S.K.: 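I'd like to ask you about the structure that follows.
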Protein chains: 2
Amino acid sequence: MWNPGRAKSRALITKVDGALLMAQNQGMAQTPRERARLQTMDEILLIGRRHLVLHGAAGLSLRAVARDLGVVSSAVYRYVKSRDELLTLLLVDGYNALGDAVDLAVGRVPADDFPGQFRALGRAVREWALAEPARYGLLFGSPVPGYDAPAEQTTGPGTRVIARLVGILEGAYIVRHGAGAPAGGAADAGVVPAPGHILAADFRAIRAEWAITADDEALARGVLAWAAIFGAVSFEVFGQYGKATFRDPAALFEVQLDILAGTAGLS
Amino acid sequence: MWNPGRAKSRALITKVDGALLMAQNQGMAQTPRERARLQTMDEILLIGRRHLVLHGAAGLSLRAVARDLGVVSSAVYRYVKSRDELLTLLLVDGYNALGDAVDLAVGRVPADDFPGQFRALGRAVREWALAEPARYGLLFGSPVPGYDAPAEQTTGPGTRVIARLVGILEGAYIVRHGAGAPAGGAADAGVVPAPGHILAADFRAIRAEWAITADDEALARGVLAWAAIFGAVSFEVFGQYGKATFRDPAALFEVQLDILAGTAGLS
DNA sequence: TAATTCCTGAGAGCACCGCTCTCTATTAGT
DNA sequence: ACTAATAGAGAGCGGTGCTCTCAGGAATTA
């Protein structure tokens, strides 16, 4: 892919794509130098995103980004400390894009229709993943070796989907059980056996952290539904089903959502 | 990681690890040259596997393998066409290792205890994945960009686990419904709505290909259970749950297996 | 046994990668 | 107008995948 006759133009950014990032970073632009700096940062992120889509996470190269930017490779190190830092920026960017898609889709459903919200969340995740397989792979695929995402920047955006799911499932739980809640440990004898000490404590901690009332079984089923949604999406995006097994994967996913809605206690 | 003072020894292979591969390749060793060639191939695979474990799929380097082999980098190209081909070999190797682990675990359970076999399969997958996260990532993580596995070498070993799962679920289905089977299309009106034309045809094709009798809903639930098992394992192995959320992930997985056994129609 | 073919490994080389360093020109702020 | 900060250029180091040519030795054939 060596292209010596490459144009040195900087005007590779599509206006529509750029708009989102520009807006978030250039809200307070003091000095003209700072403005230029932020703009370059956004350009780097934009180019990086495009490279991610085209060549995947492992193929992300700062030198190639520099070429697209119309600049020598060492110059980008003025803006980004390392390749891994750019990866982190793109990771956060991806989490937020997915979170936005999910929020938008769930927000369209009436606030009291929790099964509908659950399905909307699932569909949004699947559709975003299919539209952006490389970014999805960066977020939920095998971690890039030698790189672990800095939690302080990542956990926030990275928990937006599960936060939304928790809200939906808790809402449905309250509808089923009333707002009063069992208050105590709530170790029901349902299909799920009473979990051992540590797991019960973990569930208690989760209840406290998220300020929810759902009992252990509801929590376990919620965690399973969460993992199952992403498992199904990953299987489809990563091609684990095989090429021609399911010719209408969307229909399969709808059926899977139906089953999962049942296991998660949504109608 | 530049190590100029590296010993040029070839004796890096542990006997116990090597034994398996040796056996399968050197069954028919004709000329001494062929014997030497196969042995070198096995060594390369062994070293590649070790590098995979240590540095991950993206960090797999033919030059590093050559160094460990005590040979100049161009020499390994006599045995392996490209880095991607080595990756394919390791992929097949990994699928077989996982398949062996699953077969062993399921084989320990009585032949008529389908719920037990289901749980054993799930546990085997999880334990293998935790023991070999890099290999698991190669198999079920984001696909290496620019590389797609050649189906003719991959599909065979790659379908061992799902084949085993299909056997278990079909066995349980027969126990529930009798061996006679509904024969026809079997579009039950269960929790799952009757799937559309294409999905129903896909299910029919699956029934024919695997020579099974399970109806559409059972198949859908089986596919979901499959995806959910790997979703849960991937979440744990890839660290999606967060660092300290679940301090006893094994217990969580047991609960998830319980729920999944229910959704898949096992007891 | 002698001649010939074949195979293996060595070495050089190309284009790429991440990253560091120094140097220069431009720009901003006093 | 002068000084200080900053951005970019360029060279360089060690690494990567992969290709090519060449020499030595082993196996096969005459």
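In this text, all values refer to a predicted model and were calculated from it rather than measured experimentally. Protein chains get the first letters and strands the later ones, always in sequence-line order, with residue 1 at the start of each.
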S.K.: Could you pick out which residue, Lys81(B) or Ala64(B), lies toward the 5' side of DNA chain D when each is mapped onto its nearest nucleotide?
M.R.: Ala64(B)
S.K.: Within the 4.0 Å heavy-atom criterion, would you say Leu86(B) contacts the bases, only the backbone, or no part of the nucleic acid?
M.R.: nothing
S.K.: Between Leu62(A) and Tyr77(A), does the side-chain contact (heavy atoms from CB on, under 4.5 Å) criterion hold? Intermediate values first, please.
M.R.: CA-CA 9 Å; Leu62(A) 272 190; Tyr77(A) 286 88; 3.6 Å; yes
S.K.: Would you say Tyr77(A) reaches dG8(D)'s phosphate, i.e. side-chain N/O to OP1/OP2 under 4.0 Å?
M.R.: no
S.K.: Quick one: Tyr79(A) OH to dA9(D) P, roughly how many Å, whole number?
M.R.: 10 Å
S.K.: For Leu62(B) and dT19(D), give me the distance from atom CG to atom C1', rounded to whole Å.
M.R.: 13 Å
S.K.: Please work out if Ser73(A) contacts a base, only the sugar-phosphate, or nothing of the nucleic acid, heavy-atom cut-off 4.0 Å.
M.R.: base
S.K.: Once hydrogens and angles are ignored, does a donor-acceptor distance under 3.5 Å link the base of dG17(D) to the side chain of Arg63(B)?
M.R.: yes
S.K.: Determine whether any donor atom in the side chain of Arg83(A) lies under 3.5 Å from an acceptor atom in the base of dG18(C), or the reverse, and answer yes or no.
M.R.: no
S.K.: Calculate the interatomic distance between Glu34(A) atom CD and dT27(C) atom P; express it in whole Å.
M.R.: 18 Å
S.K.: For Arg78(A) and dC21(C), give me the distance from atom CZ to atom P, rounded to whole Å.
M.R.: 12 Å
S.K.: Which residue is it: Phe230(B), Trp128(B), Phe235(B), Trp226(B)? I am looking for the one with a ring pair (Phe, Tyr, Trp, His ring centres under 6.0 Å) to Phe140(B).
M.R.: Phe230(B)
S.K.: Return the value, rounded to whole Å, for the distance between atom CZ of Arg37(A) and atom P of dT6(D).
M.R.: 8 Å
S.K.: So, does Arg67(A) get its side chain near the phosphate of dC17(C), meaning an N or O under 4.0 Å from OP1 or OP2?
M.R.: yes
S.K.: Reckon Ser61(A) has a side-chain N or O less than 4.0 Å from the OP1 or OP2 of dG18(C)?
M.R.: yes
S.K.: To the nearest angstrom, how far is Ile44(B) atom CD1 from dG17(D) atom P?
M.R.: 13 Å
S.K.: On the side chain of Ser74(A), is there an atom forming a donor-acceptor pair with the base of dG10(D) - under 3.5 Å, no angle test?
M.R.: yes
S.K.: Would Arg126(A) and Val237(A) count as a side-chain contact (heavy atoms from CB on, under 4.5 Å) here? Give the steps.
M.R.: CA-CA 9 Å; Arg126(A) 173 174 176 272; Val237(A) 173; over 6 Å; no
S.K.: Output the rounded distance in Å from CG (Asp68(A)) to P (dC16(C)).
M.R.: 14 Å
S.K.: If you round to the nearest 0.5 Å, how far is CG of Leu98(A) from CG of Asp93(A)?
M.R.: 11.5 Å
S.K.: Tell me whether Ser82(B) contacts the main-chain N or O of Glu85(B) through its side chain, where contact means a donor paired with an acceptor under 3.5 Å.
M.R.: yes
S.K.: Rounded to whole angstroms, how far apart are CG on Asp84(A) and P on dG18(C)?
M.R.: 10 Å
